[in-house]
Amino acid sequence: MEKLILRAAELIAQARKVVAFTGAGVSTESGIPDFRSPGGIWEKYEPVYYQDFLTSAEARKKYWLRSRATYPVIREAKPNPTHLALVELEKMGKLDCIITQNIDRLHHKAGNSPEKIIEIHGTNAYVICLRCKKSYPREEIQDLLESKEEIEPPLCRECNGPLKEATISFGQPMPEKEMAEAERRAQTCDLMLTLGSSLVVYPAAYLPQYARQAGARMIIINMTQTPFDHLADVAIHGKTGEVLPRIVEEVKKIIVASGD
Ligand code: NAD
């Protein structure tokens with residue numbers, strides 16, 4: 001592992017535009033379960049597909065039941081050493097942007113510049129009316145949900161349309177502006193740093209591949225194997241909260257030694 005950490009540090013030290021691509025695995029060390037690991041969210045709740053959310057009152061109930069239970073965990077979560085290491089990379093002038101699949105706002109809470117964070121699966125900080133697009137703070141809707149024992153899917157005060165978290169569910173169109181920007185950044189970076197993502201959720205998982213096809217180097221850090229480990233210059237299987245801070249420390253040493 002030590003050799004891989006040093007190699008990853010060399011690649012980052014040589015790079016000028018690092019794009020970090022983050023998945024649910026970077027937040028497990030903050031106490032937020034991912035989807036697919038043992039104990040992950042799919043063991044407790046089935047996914048609600050967007051089409052079902054639109055057409056079935058039962059599906060909307062299921063969606064809000066999960067959301068009511070999982071939101072407080074996300075609200076209370078604090079950034080962990082992975083998030084803080086990405087703040088360090090930004091301070092060192094290495095970070096072009098973070099493309100995140102996460103909806104938990106932990107990169108913002110850690111202190112990365114908001115303009116460097118592209119949320120391709122939205123955020124659960126807001127709730128949106130699917131009819132008139134009015135948005136509500138998530139906290140306000142949580143109070144409403146918790147005021148009753150039975151789940152009553154919330155409705156828009158303006159137009160009575162169905163409310164949904166400002167996140168992207170399976171089957172829901174991706175946010176165009178964010179995806180276009182993420183694709184552009186992936187295709188113009190010189191190093192793609194993939195952290196805590198199973199790389200099986202599409203279209204998000206195309207982004208590291210676009211970077212690779214455009215000639216960027218690639219580092220993958222994930223607890224388990226991913227389908228793209230063979231494409232990476234360095235693939236490390238371990239916890240990002242343990243591995244990334246060590247890599248960033250080594251990058252600092254290389255930069256100091258080179259007098260840059
Ligand atoms: P995923 O659940 O498919 O994969 C997470 C990966 O992270 C797994 O391969 C797992 O082995 C690995 N992992 C878990 N803990 C780790 C750690 N400490 N260090 C390194 N690796 C670790 O998640 P995904 O690839 O992000 O894709 C699924 C969807 O999950 C995304 O669309 C995202 O929106 C959603 N999601 C987000 C959150 C969040 O915002 N925190 C939580 C759950 C799911």
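Start at 1 and go down the list; that is how both ligands and their atoms are numbered.
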For ligand 1, which atoms sit closer than 4.0 Å to a heavy atom of Gly196?
5 (C), 6 (C), 7 (O), 21 (N)
Exactly one of Arg16, Arg185, Lys17, Lys116 clears side chain to side chain donor-acceptor pair (under 3.5 Å) with Asp96, and that residue is Arg185
What do you reckon, does Lys239 have a nitrogen or oxygen under 3.5 Å from a nitrogen or oxygen of ligand 1?
no
Heavy-atom contact check, 4.0 Å cutoff: does Ala77 meet ligand 1?
no
Electrostatic pair Arg246:Glu250 at N-O distance under 4.0 angstrom
no
Around atom 24 (P) of ligand 1, find the nearest protein heavy atom and jot down its residue, atom name and distance.
Ala24 N, 3.8 Å
Ligand 1 versus Gln101, non-hydrogen atoms closer than 4.0 Å: side chain, backbone, both, neither?
both
among protein heavy atoms, the one nearest atom 43 (C) of ligand 1 is Pro33 O, 3.4 Å
If you measure from each heavy atom of Ala204 to ligand 1, is any distance below 4.0 Å?
no
Backbone, side chain, both or neither: what part of Ile32 comes under 4.0 angstrom of ligand 1, heavy atoms only?
side chain
Do you see a donor-acceptor pair shorter than 3.5 Å between the side chains of Arg75 and Gln142?
no
Taking atom 19 (N) of ligand 1 as the reference point, the nearest protein heavy atom with its distance:
Thr240 N, 2.9 Å
Quick one: nearest non-hydrogen protein atom to atom 18 (N) of ligand 1, plus distance?
Glu29 OE2, 2.7 Å
Is the side chain of Arg138 donor-acceptor paired with the backbone N or O of Val127 at a distance under 3.5 Å, no angle test?
no
Should Tyr71 and Ile128 be counted in the same cluster of Ile, Leu, Val, Met, Phe, Trp and Tyr side chains packed under 4.5 Å apart?
no
What part of Asn222, side chain, backbone, both or neither, has a heavy atom within less than 4.0 angstrom of ligand 1?
both
Option set Phe35, Phe170, Tyr202, criterion heavy-atom distance to atom 30 (O) of ligand 1, minimum:
Phe35
Ligand-residue contact atoms, ligand 1 with Gly23, heavy atoms, under 4.0 Å:
26 (O)
Relative to ligand 1, is Met223 under 4.0 angstrom through side chain, backbone, both or neither, heavy atoms considered?
both
What are the atoms of ligand 1, with element, lying closer than 4.0 Å to any heavy atom of His121?
31 (C), 32 (O), 33 (C), 34 (O)
Atoms of ligand 1, numbered as shown, that sit under 4.0 Å from any heavy atom of Val201
27 (O), 28 (C)
Looking at ligand 1, would Ile103 count as a contact under a 4.0 Å heavy-atom criterion?
yes
How does Ser27 reach ligand 1, by side chain, by backbone, by both or by neither, if only non-hydrogen atoms under 4.0 Å count?
side chain
Does a salt bridge link Arg157 with Glu140, judged by any charged N lying under 4.0 Å from a carboxylate O?
yes
Would you say that more than 12 heavy atoms from the other residues, nucleotides or ligands in this model lie under 6.0 Å from the CD of Glu115, or not?
yes
Among all protein non-hydrogen atoms, which one is nearest to atom 25 (O) of ligand 1, and what is the separation to 0.1 Å?
Ser197 OG, 2.8 Å
Is Lys61 paired with Glu150 through a side-chain N to carboxylate O contact shorter than 4.0 Å?
yes
Relative to the heavy atoms of Ser198, which atoms of ligand 1 are at a distance of less than 4.0 Å?
1 (P), 3 (O), 4 (O), 5 (C), 6 (C), 9 (O), 25 (O)
Salt bridge between Glu29 and Lys239, side-chain N to carboxylate O under 4.0 Å?
no
Evaluate Asp229 against His237 for side-chain hydrogen bond (donor to acceptor under 3.5 Å, both in side chains), listing each step before the verdict.
CA-CA 10 Å; Asp229 288 356; His237 298 135; 2.8 Å; yes
Salt bridge check: are Glu158 and Arg131 linked by an N-O gap of less than 4.0 Å?
no
Hydrophobic clusters here meaning ILVMFWY residues chained together by side-chain heavy-atom distances under 4.5 Å, can you tell me if Met218 and Leu207 are in one?
yes
Within a distance under 4.0 Å of any heavy atom of Thr28, pick out the atoms of ligand 1 and give their elements.
14 (C), 15 (N), 16 (C), 17 (C), 18 (N)
Closest approach of any protein heavy atom to atom 14 (C) of ligand 1, naming residue and atom
Asp34 OD2, 3.3 Å
Less than 4.0 angstrom from a charged side-chain N to a carboxylate O is my criterion; do Lys94 and Asp190 meet it?
no
Salt-bridge test for Arg66 and Glu46: reply yes if a basic N is under 4.0 Å from a carboxylate O, no otherwise.
no
Measure the distances from the heavy atoms of Gly241 to every atom of ligand 1 and state whether one is below 4.0 angstrom.
no
For atom 37 (C) of ligand 1, grab the closest protein heavy atom and report residue, atom and distance to one decimal in Å.
Asn102 OD1, 3.6 Å
Between Asp34 and Gly25 (side chain of the first, backbone of the second, donor and acceptor by atom type, cut-off under 3.5 Å), is there such a pair?
no
What is the nearest protein non-hydrogen atom to atom 41 (N) of ligand 1, stated with its residue, atom name and distance?
Asp104 OD2, 2.7 Å
For Glu58, does its backbone N or O pair with a side-chain atom of Ser56 as donor and acceptor, under 3.5 Å?
yes
Which ligand 1 atoms are under 4.0 Å away from a heavy-atom of Gly238?
19 (N), 20 (C)
Element-labelled atoms of ligand 1 that are located less than 4.0 Å from some non-hydrogen atom of Gly25:
5 (C), 7 (O), 13 (N), 14 (C), 15 (N), 16 (C), 17 (C), 18 (N), 19 (N), 22 (C)
